[in-house]
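Values reported hereafter were calculated over all heavy atoms of this structure, with side chains retained and with hydrogens, waters and symmetry mates removed. As the structure is a computational prediction, the values presented were derived from the model and not from experiment. Numbered from 1 within each chain, the chains take letters A, B, ... in sequence-line order.
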Protein chains: 2
Amino acid sequence: MQSGSQKTPRKKSPPARTSQEIFAQVRRDHAMETAEDYVEAVAKIVAQQGTCRGADLARHFDVSHVTVSKILTRLKAEGLLRARPYGPVELTDTGTRLASMSQQRHETVLHFLLAIGVDKETARIDAEGIEHHVSQATLKRFLAFLGQQPPPTSSR
Amino acid sequence: MQSGSQKTPRKKSPPARTSQEIFAQVRRDHAMETAEDYVEAVAKIVAQQGTCRGADLARHFDVSHVTVSKILTRLKAEGLLRARPYGPVELTDTGTRLASMSQQRHETVLHFLLAIGVDKETARIDAEGIEHHVSQATLKRFLAFLGQQPPPTSSR
DNA sequence: CTCCCATTGTAGCCATAGCTACAATTTGTC
DNA sequence: GACAAATTGTAGCTATGGCTACAATGGGAG
Ligand SMILES: [Mn+2]
Ligand SMILES: [Mn+2]
Ligand SMILES: [Mn+2]
Ligand SMILES: [Mn+2]
């Protein structure tokens, strides 16, 4: 009986990603990173202070208000948030959903790092970068490790 | 007895990173990401084929040879590798050291993901992005989880 | 020795994320 | 209400990592 390809043909093994596909996914992850961090920050600041201004974001990320302004223009065009000239920043429904997902994933990554014994300050730093590269499949393993139930979320 | 600041003053708690410091570190991590992936790829291709050409890198990352060419120019200027015009790419001593460290960290991250139950193809993808945000402290926890001894490495 | 093809280089473009300098607007305080 | 401070916008710059198009180089096959 020889069904699969080589040794122990137990589970169906997917067709082995090429390096091209791997780096393409990393590039896609990076392309979403700023959007995720910004909607997350807006949600957090709104929750804390009622409203979020561009200046709040500039302080939060420690970048110039010009950098914030340009990024907000892009995220507005992408339908994640809205803001009248000189007005405060608000999340759209799409932006709110992205913020919720990002927040949850961020928290899970942070708690996971703490659970494996990483000190709190290191965990906060590393989680901020790692989060954007954690797929749904890996997130489920993190949650399983934390002894919780994986919630019925979406794709990659 | 009231020594620390608040509840259970056991370990010395570091002064709590601000969001500004956290995002600064993530930006530093991103600034090193391309260099790390490139020296790692050069080392791998040299190990496999004896020499590494720009075209090999273009195939590896699935980008144009122009993108490779510009990045190689920068990494040459940074002293990580060297190459005569129309010649193959070679790592400098500095580049070789960076490649070794990156390879080890990459492998550790990959094996860690596999160890917590992430499927192999997902692990390969996620590790490629996560690796650049894993500090020495977190890497030690990964190694500890894998039941190995943390090697005497350097800083962050 | 040619000629072809793979490889590399160059010119010039785009998008993103940074910045400084300066202008305009809003807001808050007398 | 006027004025100062904070905030936002705009102009114009850099660096990085993408791209297409086209030119130059170099190694083999004949
Ligand atoms: Mn986040
Ligand atoms: Mn983040
Ligand atoms: Mn790598
Ligand atoms: Mn990588």
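Dashed line: the shortest gap from a side-chain N or O of Ser64(A) to OP1 or OP2 of dG18(C) is not under 4.0 Å. Taking 4.0 angstrom as the limit, Arg59(A) places a side-chain polar atom (N or O) nearer than this to OP1 or OP2 of dT7(D). Within the structure, every side-chain polar atom (N or O) of Thr67(A) is placed at least 4.0 Å from both OP1 and OP2 of dA17(C). Dashed line: the shortest gap from a side-chain N or O of Arg74(A) to OP1 or OP2 of dA15(C) is not under 4.0 Å. Contact between the side-chain N/O atoms of Ser69(A) and the OP1/OP2 oxygens of dT8(D) is not found at any separation under 4.0 Å. Distances shorter than 4.0 Å separate some side-chain N or O of Thr34(B) from OP1 or OP2 on dG17(D).
Distance CD (Glu33(A)) to C1' (dT16(D)): 15 Å, rounded to an integer number of Å. Nucleotide dG18(C) holds its C1' atom 16 Å from the CZ atom of Phe23(B), rounded to whole Å. Distance CE (Met32(A)) to C1' (dA15(C)): 17 Å, rounded to an integer number of Å. Distance Leu75(A) CG to dA17(C) C1': 12 Å, rounded to the nearest Å. What separates CG of Leu81(A) from P of dT8(D) is a distance of 13 Å, to the nearest Å. Separating the NZ atom of Lys76(A) from the C1' atom of dT16(C) is a distance of 17 Å, rounded to the nearest angstrom. Lys70(B) has its NZ atom 17 Å from the P atom of dT8(C), to the nearest Å. With rounding to whole Å, Ile71(B) atom CD1 is found 15 Å from dT8(C) atom C1'.
Here the side chain of Glu36(B) pairs no donor or acceptor atom with the backbone of His132(B) at under 3.5 angstrom.
The 5' end of DNA chain D is approached more closely, in terms of each residue's nearest nucleotide, by Pro88(A) than by the other of Pro88(A) and Arg27(A). Of the residues near DNA chain C, Ala55(B) and Pro85(A), the one whose nearest nucleotide (by heavy atom distance) lies more toward the 5' end is Ala55(B).
Applying the 5.5 angstrom centroid cut-off and the 30 degree plane-angle cut-off, the aromatic ring of His65(A) is not stacked upon the base of dT7(D).
With distances taken from any side-chain atom of Tyr86(A) to the nucleotides dG26(D), dA17(C), dT25(C), the minimum falls on dT25(C).
Residues Arg74(A) and Glu78(A) are paired through a salt bridge, judged by an N-O separation under 4.0 Å between the basic side chain and the carboxylate.
When heavy atoms are screened at a 4.0 angstrom cut-off, Val63(B) is found touching the sugar-phosphate backbone but no base atom.
Ring geometry for Phe61(A) against Tyr38(A) counts as parallel: the plane angle stays under 30°, on a 0 to 90° scale with 60° as the upper cut.
Residues Phe142(B) and Leu114(B) fall into different hydrophobic clusters, defined by Ile, Leu, Val, Met, Phe, Trp and Tyr side chains chained together at heavy-atom separations under 4.5 Å.
When each of Arg53(A), Arg82(A), Lys76(A) is paired with Glu90(A), the salt bridge (charged side-chain N to carboxylate O under 4.0 Å, His left out) condition holds for Arg82(A) and for no other.
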